[in-house]
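Okay, structure first, notes after.
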Amino acid sequence: MELPNIGKHCTFDGCAQLDFLPYTCYRCKRIFCQEHFKLVDHHCPRIDDPQFDIRVPTCPICDKPVPGPRGEDPNIRVNRHIQNNCADLDKPTNVCHQKGCKAKLLVPMQCMDCRHAYCVKHRLPVDHECQKVASSQSSKRPDRAEAEKQRLQRAQTTAQRRQELALLKEKAKRGHLTENEQVRLATLISLEERNKKPNCAVS
């Protein structure tokens, strides 16, 4: 019993065999049977296509493979490799970014501040001395002149508050306080008492 709807016919000239498990050539994209699936057997028209040539040239000096993008002349790539003293042109991206650390990263851990990948040992900003964190902390830290200016402003505010408190107390003795002044007097007294309380020391 024939099953013409199952499988596909070989496209090689003179074959046309029905194959239930046909092969598709990855170069010419045609369908072939088991006898003609090889490039040489079906005379593939793209057998010498340089696009499918994935061989990597080897340096004649250091015997290292010199990979490059497809379409680039391998001689140019090898010459560039030799002119660079047989050093790798592209640094590997799976190595810890910390200076002196050569740990390979199976699972890279990216720093949220500097956006570089580090190993488990140097994953924290403190461990790899993150420059972004250091610069942000130095910018947030006020200098001596700014700190002195803030201290003077606090002292001036405290003096003004005490002067206002004394005036309101004097006015309260005479009994001429409005409702807003009474609220203000209570607020100033509360602030004054809070400032007089000693700080709690934890032993």
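Just so we're clear, the structure is a prediction, and the values are computed from it rather than from any experiment.
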I'd like to know if the side chain of [X] and the backbone of [Y] have a donor-acceptor N/O pair within less than 3.5 Å.
X    : Y    : answer
N79  : N75  : yes
R27  : R46  : yes
R123 : V120 : yes
R30  : T24  : no

How close do [X] and [Y] get, heavy atom to heavy atom, and via which atoms?
X    : Y    : value
H42  : C25  : NE2-SG, 3.6 Å
P125 : D113 : CG-OD2, 4.0 Å
D41  : E35  : OD2-O, 3.4 Å
L18  : G7   : CD1-C, 3.9 Å

Are the side chains of [Y] and [X] in contact, using a 4.5 Å heavy-atom criterion?
X    : Y    : value
Q17  : C33  : yes
C96  : K102 : no
C59  : I82  : yes
K8   : D19  : no
E170 : L167 : no
H9   : C15  : no

Taking atom [atom1] as the centre, does [X] end up with more than 12 heavy-atom neighbours from other residues, nucleotides or ligands that are less than 6.0 angstrom away?
X    : atom1 : result
E179 : CD    : no
L152 : CG    : yes
Q110 : CD    : yes
Q153 : CD    : yes

Parallel, tilted or perpendicular: rings of Y118 and H128 (30°, 60°):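 Parallel: the ring planes of H128 and Y118 meet at under 30°.
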
Sub-6.0 Å ring centroid separation between F37 and F32: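 Not under 6.0 Å, so no.
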
Candidates L105, V95, D127, L106 - the one meeting side-chain contact (heavy atoms from CB on, under 4.5 Å) with C119: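 The option that passes is L105.
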
How many angstroms lie between [atom1] in [X] and [atom2] in [Y], if you round to the nearest 0.5 Å?
X    : Y    : atom1 : atom2 : value
H122 : H116 : NE2   : NE2   : 14.5 Å
T178 : L168 : OG1   : CG    : 8.5 Å
E164 : R161 : CD    : CZ    : 9.5 Å
C44  : K38  : SG    : NZ    : 14.5 Å
Q98  : C130 : CD    : SG    : 10.5 Å
T58  : K64  : OG1   : NZ    : 12.5 Å

Check against side chain to side chain contact (heavy atoms under 4.5 Å, CB included), F12 and I31: CA-CA 8 Å; F12 184 71; I31 297 170; over 6 Å; no

Hydrophobic cluster identity match, I61 and V78, side-chain contacts under 4.5 Å: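 The answer is yes; both residues are in one hydrophobic cluster.
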
